[in-house]
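The first residue in the sequence is number 1, and the count goes up from there.
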Amino acid sequence: MKMIYGVKDVPKWGQTILFSLQQLLAILAATIAVPMIIGNGMQPSAALFGAGVGTIVYLAFTRFKSPVFLGSSFAFLGSMSAAFAGGASMSLGYLGLLLGALFAGLVYVIIAIAVKFAGTKWIDKIMPAVVIGPTVAIIGLSLAGNAIGDLMSGSATYTVIEEVLKPIIQGGEIVGGHLVEEEVTYTYANTFIALLCGLVTLGVTVVCSVYGKKLLKMIPFIIGILSGYAVAAIFTGFSYIEGAECLRVIDFSPFSTLGTAEAWYPNFAFLTAFDVFGGGYNPGEAGTIGAYIGTIAVAYIPVAFVVFAEHIADHKNISSIIETDLLKDPGLHRTLLGDGVGSIAGAFFGGCPNTTYGESVGCVAISGNASVVTILVTAAMAIVSAFLAPFTLFLSSIPKCVMGGVCVALYGFIAVSGLKMLQKVDLNENKNLFVVSVILIAGVGGMVLNIGAVTVTEVACALILGILTNLLVNIKRKDKTPAEEVASEEVEEEVKEEVKEEAVNEEVQ
């Protein structure tokens with residue numbers, strides 16, 4: 001689609017604030033989800049602060065020419081867990097997070113230096129449109145399950161103690177069972193109620209984007225999310241009537257922490273990590289320092305190479321949307337440096353390595369706003385909001401079903417933008433058809449490889465298989481000697497001349 005605002009354009013400040021809030025809402029769920037999954041005292045507000053800092057670093061390295069937001073990377077979940085493994089203290093774990101982010105960032109820096117001297121033509125050769133198009137589509141399609149899962153889920157949960165039947169196994173066979181008491185967590189919201197809230201969000205977003213005028217057309221996510229939240233709040237209000245608990249969609253309990261200092265001041269990763277110098281590190285718990293650093297290096301460095309492939313796919317995608325090749329201007333070496341150093345800076349505060357976000361790219365595509373000023377203000381918003389407990393708690397209270405409704409559109413736009421790259425690819429040729437087929441099936445089929453502590457995601461697997469297939473189908477046979485090649489070319493030229501002469505003679509007759 002044609003951009004309403006280009007990369008260098010500056011919308012009116014009122015519009016910029018709304019655009020930035022929309023970007024913040026788009027990247028929010030994924031950014032705060034990573035620290036929530038890892039646990040160990042990591043705070044979503046710190047991750048949000050780190051994402052803002054990392055994005056500003058990225059923008060600086062790319063000379064403010066790439067309108068992409070950096071957020072917490074899911075690819076490093078296993079790596080981050082390794083920092084807390086082995087009975088290490090929390091201080092050691094946080095130190096491991098910073099060391100890991102440093103290792104991953106250095107991988108990007110090294111690749112960036114190599115690209116600076118080798119150029120990017122090799123990328124165009126091994127990753128042409130027939131490879132990168134379906135790979136970008138897989139980025140969106142691989143997230144489809146998350147979007148639909150959230151679309152049908154509420155956020156309000158309750159825990160009860162129930163008796164659960166546990167099997168008794170002897171010799172590999174079940175020989176009986178016994179009842180044990182366990183905590184069981186349930187979601188209040190009825191699936192259909194959650195689905196209704198999500199569909200309202202999606203419907204309003206679509207209507208605003210397609211039929212809206214001026215501002216409504218440019219901020220469909222904000223209007224959609226607020227509409228879905230309002231419907232969810234109404235159902236939640238009725239849920240406090242006895243017997244109507246299944247109507248509860250929103251969990252308002254986090255707002256009870258407003259009076260605590262923890263709600264207002266993020267627990268920055270470096271504050272806890274540097275406790276190691278105050279005696280918080282016990283070498284007996286995790287072996288020697290050298291062994292621990294080696295473990296972290298093995299956990300992070302291979303993943304960085306995997307995320308590098310996704311980095312290229314994201315930048316090819318945003319390049320096609322804004323119709324400017326970011327791999328040439330500002331250059332792949334600059335986007336890599338921005339991503340790597342920005343990831344280190346983000347982890348210093350939030351503990352999470354950052355990466356370019358497909359949600360941010362989708363938001364640019366839907367809103368038609370590629371202004372890099374919007375991304376800069378979004379980063380500033382993320383930093384400031386980390387200290388605004390009411391705002392942060394409101395954002396975290398947005399139910400899954402509402403965010404799911406938005407993500408159906410976001411992830412869909414990512415997938416479609418990848419497919420659009422295939423418009424100029426001749427799929428009647430078997431060689432192109434094989435490449436696209438392999439990528440789509442590997443990605444949609446969820447091909448994931450676990451190599452030790454390293455997880456190669458379905459996107460990376462699909463891209464690697466696509467590259468190999470593309471190289472295979474484009475092998476040029478050289479059965480003829482140079483002399484035979486020259487002779488063959490001369491014969492072809494003679495045949496062409498004869499055909500032209502015959503055509504001229506026919507016209508004359």
>> Over 60° means perpendicular and under 30° means parallel, so tell me whether Tyr229 and Phe252 are parallel, tilted or perpendicular.
In response: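 If you compare the ring of Tyr229 with that of Phe252, the planes turn out perpendicular.
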
>> Students often mix this up, so state it plainly: with edges at 30° and 60°, are the rings of Tyr108 and Phe308 parallel, tilted or perpendicular?
In response: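 Perpendicular.
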
Minimum side-chain heavy-atom gap [X]-[Y] below 4.5 Å:
X: Cys407; Y: Asp150; answer: no
X: Leu48; Y: Pro266; answer: no
X: Ile439; Y: Leu465; answer: no
X: His315; Y: Leu332; answer: no
X: Ser20; Y: Thr16; answer: yes
X: Lys65; Y: Val372; answer: no
X: Val7; Y: Thr324; answer: no
X: Ile366; Y: Phe221; answer: yes

For [X] versus [Y], what's the shortest heavy-atom pair and its separation?
X: Tyr300; Y: Gly96; value: CE1-O, 4.3 Å
X: Ile225; Y: Val402; value: O-CG1, 3.8 Å
X: Ala101; Y: Ala347; value: CB-CB, 3.3 Å
X: Met421; Y: Ser320; value: CE-OG, 3.4 Å
X: Ala442; Y: Ala462; value: CB-CA, 4.1 Å
X: Asn369; Y: Met3; value: N-SD, 4.2 Å

Under a 3.5 Å distance rule, please check whether [X] uses its side chain to pair with a backbone N or O of [Y] as donor and acceptor.
X: Thr55; Y: Leu70; answer: yes
X: Thr201; Y: Cys197; answer: yes
X: Ser319; Y: Leu326; answer: yes
X: Ser72; Y: Thr31; answer: yes
X: Thr62; Y: Arg334; answer: no
X: Ser343; Y: Gly340; answer: no
X: Ser209; Y: Thr205; answer: no
X: Thr272; Y: Ala269; answer: no

Gap between atom [atom2] of [Y] and atom [atom1] of [X] - 0.5 Å precision:
X: Ser153; Y: Leu195; atom1: OG; atom2: CG; answer: 10.5 Å
X: Leu21; Y: Met381; atom1: CG; atom2: CE; answer: 5.5 Å
X: Asn146; Y: Leu151; atom1: CG; atom2: CG; answer: 12.0 Å
X: Ser367; Y: Gln15; atom1: OG; atom2: CD; answer: 11.0 Å
X: Thr374; Y: Ile17; atom1: OG1; atom2: CD1; answer: 9.5 Å
X: Cys363; Y: Leu25; atom1: SG; atom2: CG; answer: 8.5 Å

>> Is it the case that atom NZ in Lys400 sees more than 12 heavy atoms from other parts of the structure closer than 6.0 Å?
In response: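 Open.
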
> Is the Phe49 to Phe349 ring centre distance short of 6.0 Å?
Replying inline: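 Distance test on ring centres: under 6.0 Å, yes.
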
>> Determine whether the aromatic ring centres of residues Tyr58 and Phe69 are separated by less than 6.0 angstrom.
In response: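 Between Tyr58 and Phe69, which both carry aromatic rings, the centre distance is not below 6.0 Å.
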
>> If you apply the rule side chain to side chain contact (heavy atoms under 4.5 Å, CB included), what do you find for Gln43 with Asn267, and how did you get there?
In response: CA-CA 6 Å; Gln43 289 187 343; Asn267 178 32; 3.6 Å; yes

>> Between Ile321 and Phe413, is the side chain to side chain contact (heavy atoms under 4.5 Å, CB included) condition met? List the steps.
In response: CA-CA 11 Å; Ile321 292 171; Phe413 262 69; over 6 Å; no

> Do Gln22 and Thr378 pass the side chain to side chain contact (heavy atoms under 4.5 Å, CB included) test, and can you show the C-alpha distance, the side-chain angles, and the key distance before you say yes or no?
Replying inline: CA-CA 9 Å; Gln22 181 169 252; Thr378 303; over 6 Å; no

>> Could you walk me through whether Leu97 and Met42 satisfy the side chain to side chain contact (heavy atoms under 4.5 Å, CB included) test, starting with their C-alpha distance in whole Å, then the side-chain angles of each, then the deciding distance to 0.1 Å, before giving a yes or no?
In response: CA-CA 11 Å; Leu97 294 178; Met42 297 185 68; 4.0 Å; yes

>> Quiz question: by atom type and distance under 3.5 Å, do the side chains of Thr335 and His311 form a donor-acceptor pair?
In response: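 Their side chains do contain a donor-acceptor pair, which is all the 3.5 Å distance test asks for.
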
